[in-house]
2 protein chains.
Amino acid sequence: MRGYGQYCPIALAAEIFAERWTPIIIRNLYLGCGHFNEILDGAPGLPRSVLSQRLRSLHHAGVIERHQAGRSTAYALSPSGAELAQVCLELGAWGARWRSVRPEDQDPYLALWMLSRMIVPGSLPRPRIVVLFHITGRPAPNRFWLVLSTTGNEVCAQAPGFTEDGQVTTDTAGLIRWYAGETGLAAAQRAGGMSVTAPAWLVRQLAGWGRLNPYAVDSAVGEP
Amino acid sequence: MRGYGQYCPIALAAEIFAERWTPIIIRNLYLGCGHFNEILDGAPGLPRSVLSQRLRSLHHAGVIERHQAGRSTAYALSPSGAELAQVCLELGAWGARWRSVRPEDQDPYLALWMLSRMIVPGSLPRPRIVVLFHITGRPAPNRFWLVLSTTGNEVCAQAPGFTEDGQVTTDTAGLIRWYAGETGLAAAQRAGGMSVTAPAWLVRQLAGWGRLNPYAVDSAVGEP
DNA sequence: CGGTATCCCCCGCGATACTG
DNA sequence: CAGTATCGCGGGGGATACCG
């Protein structure tokens, strides 16, 4: 956190926020990641040492709170951090409006991870739901299990041991278009890029998840 | 502009915005700096090479427009850049709310520079106004001339050759408190930290300038 | 699992000089 | 004045290994 030597609210805030990985970390905290490894899961490529350093300086700046719970530590946005997260979301709104996705950024794991963080555990009709996603057109890992349960959600690259409630087969682009709210589930299936094998109750859930993204475009609204 | 390898609007935007100096550059463009050296003036410590690189990548990202005017180049925020500047301002609002100023960031030159950029050239009762600021309690440079004219505003550390219309004597903290809108001009004089020697019309102008800062707190409102 | 410690490399950044 | 070129250093950041 090198400073700019400027008295200027923008400069003072940028010292904290405009540093590599920091917006991602804030986003993950906003998504409810309360533990070191949870934050890491949603930031592939972020080294543990860097996360450690960032958490330290964010804590020092009063943006996050540390809560020692037994042997482990829980992190949470402070009131100031919650406001910073709002700025972060608005930055994201700008990104959704003006930036286009590069092929190399289309990571199915991350799309599912983000999805898993947006589904509130316990808001589901069953105590545990497992959906297997087959991602076509790419080398392994290309199977991911979305495991939703009352105790917390996960994305696994290995079979979690529970039987799947349903399966989705799609390419990465289709997955992201659905998650981004660009196409509804039904439209994605009609277009032929996506196939869903699941009981009706789960299909209904899946359709709803396509609109959780806060940046979801309107076009998919009204879909079944 | 290293990427994060994530499809996520926040990550995509952060690649552009959350890099050292970029928020400062966006701010200066927002303040109307249209030329390379103007941007540099408002960013002490920013190396020319870094500015050059940033302008290139911001242009590549569609955030700024370059206009070749004869032998020189003019920069301006694009529509996308104007929206990004709004996010930048909101980041600044967060900074104004949650960060406190460190002594080492209190740079009188920069406070006056920011002030000079917020006063619209041509909005003044005279074609040229020169105010000499004496900054107490610090080694030279401690005299700055604020030169406001219809063709553009400047801050000089050397006498510009024009006679001053008025003088202000204050320490850096007092200057910044006034500029930040924490204390009105009259209150600053009463408190004894600031002394103003100027005709009535200029005192009136000076009082108004203390409220130009978009982050000015309310306490000074209602001052003469 | 939840971090810290260590190491090393590379490149971002800052300084300076140079050109049209 | 508006940049580009070059260069060297520091440290941020990425990988890995290591404790509690």
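The sequence lines fix the lettering, A, B, ..., with proteins before strands; numbering per chain opens at 1. FYI, side chains are in, hydrogens and waters are out, and symmetry mates aren't considered; it's all heavy atoms of this structure.
The distance from atom CG of A:Leu40 to atom P of C:dG2 is 10 Å, rounded to the nearest whole Å. A:Glu38 places its CD atom 12 Å from the C1' atom of C:dG2, with the value rounded to the nearest Å. Between the CZ atom of B:Arg56 and the C1' atom of D:dA2 there is a distance of 13 Å, rounded to whole Å. Atom CZ in B:Phe36 sits roughly 15 Å away from atom C1' in C:dG20 (whole-Å rounding). The separation between B:Leu46 atom CG and C:dG12 atom P is 15 Å, rounded to whole Å. The separation between B:Arg71 atom CZ and D:dC1 atom C1' is 9 Å, rounded to whole Å. A:His67 has its NE2 atom 17 Å from the C1' atom of C:dG2, to the nearest Å. The separation between A:Leu51 atom CG and C:dT4 atom P is 9 Å, rounded to whole Å.
Looking only at atom types and distance, the side chain of A:Arg27 has a donor-acceptor partner in the side chain of B:Gln6 under 3.5 Å away.
Side-chain proximity of B:Thr73 to the nucleotides D:dG13, D:dA5, D:dG3 is greatest for D:dG3. Across C:dA17, C:dT4, D:dG14, the shortest atom-to-atom separation from the side chain of A:Val50 is found for D:dG14. The side chain of B:Tyr75 lies closest to D:dG3 when the candidates are C:dA5, C:dG3, D:dG3. Each of C:dA15, D:dG14, C:dT4 was ranked by its minimum atom distance to the side chain of A:Ser49; first place goes to D:dG14.
Put simply, A:Arg2 has no side-chain N or O that comes within less than 4.0 Å of OP1 or OP2 on C:dG12. The phosphate of C:dT4 has OP1 or OP2 within less than 4.0 Å of a side-chain N or O from A:Ser52. For D:dG3, the OP1/OP2 oxygens have no side-chain nitrogen or oxygen of B:Ser72 closer than 4.0 Å. B:Trp21 has no side-chain polar atom (N or O) that falls below the 4.0 Å cut-off from OP1 or OP2 of C:dG12. Contact annotation: B:His35 side-chain N/O to D:dC1 OP1/OP2 distance is not under 4.0 Å. Proximity of A:Arg20 to the phosphate of D:dG14: a side-chain N or O atom is located under 4.0 Å from OP1 or OP2. For the pair B:Tyr4 and D:dG13, the criterion of a side-chain N or O lying under 4.0 Å from OP1 or OP2 is not met. Remark: A:Arg54 is in phosphate contact with D:dG13, judged by side-chain N or O atoms under 4.0 Å from OP1 or OP2.
Under a cut-off of 6.0 angstrom, the local environment of OH in B:Tyr109 is crowded, with over 12 non-hydrogen atoms contributed by other residues, nucleotides or ligands. For A:Gln68, the CD atom is densely surrounded, since the number of other residues' heavy atoms within 6.0 Å is greater than 12.
Between B:Phe17 and A:Phe17, the two ring planes are tilted [angle within 30° to 60°].
When each of B:Leu175, B:Asp171, B:Ile176 is tested with B:Pro108 by the rule side-chain contact (heavy atoms from CB on, under 4.5 Å), just one qualifies, namely B:Leu175.
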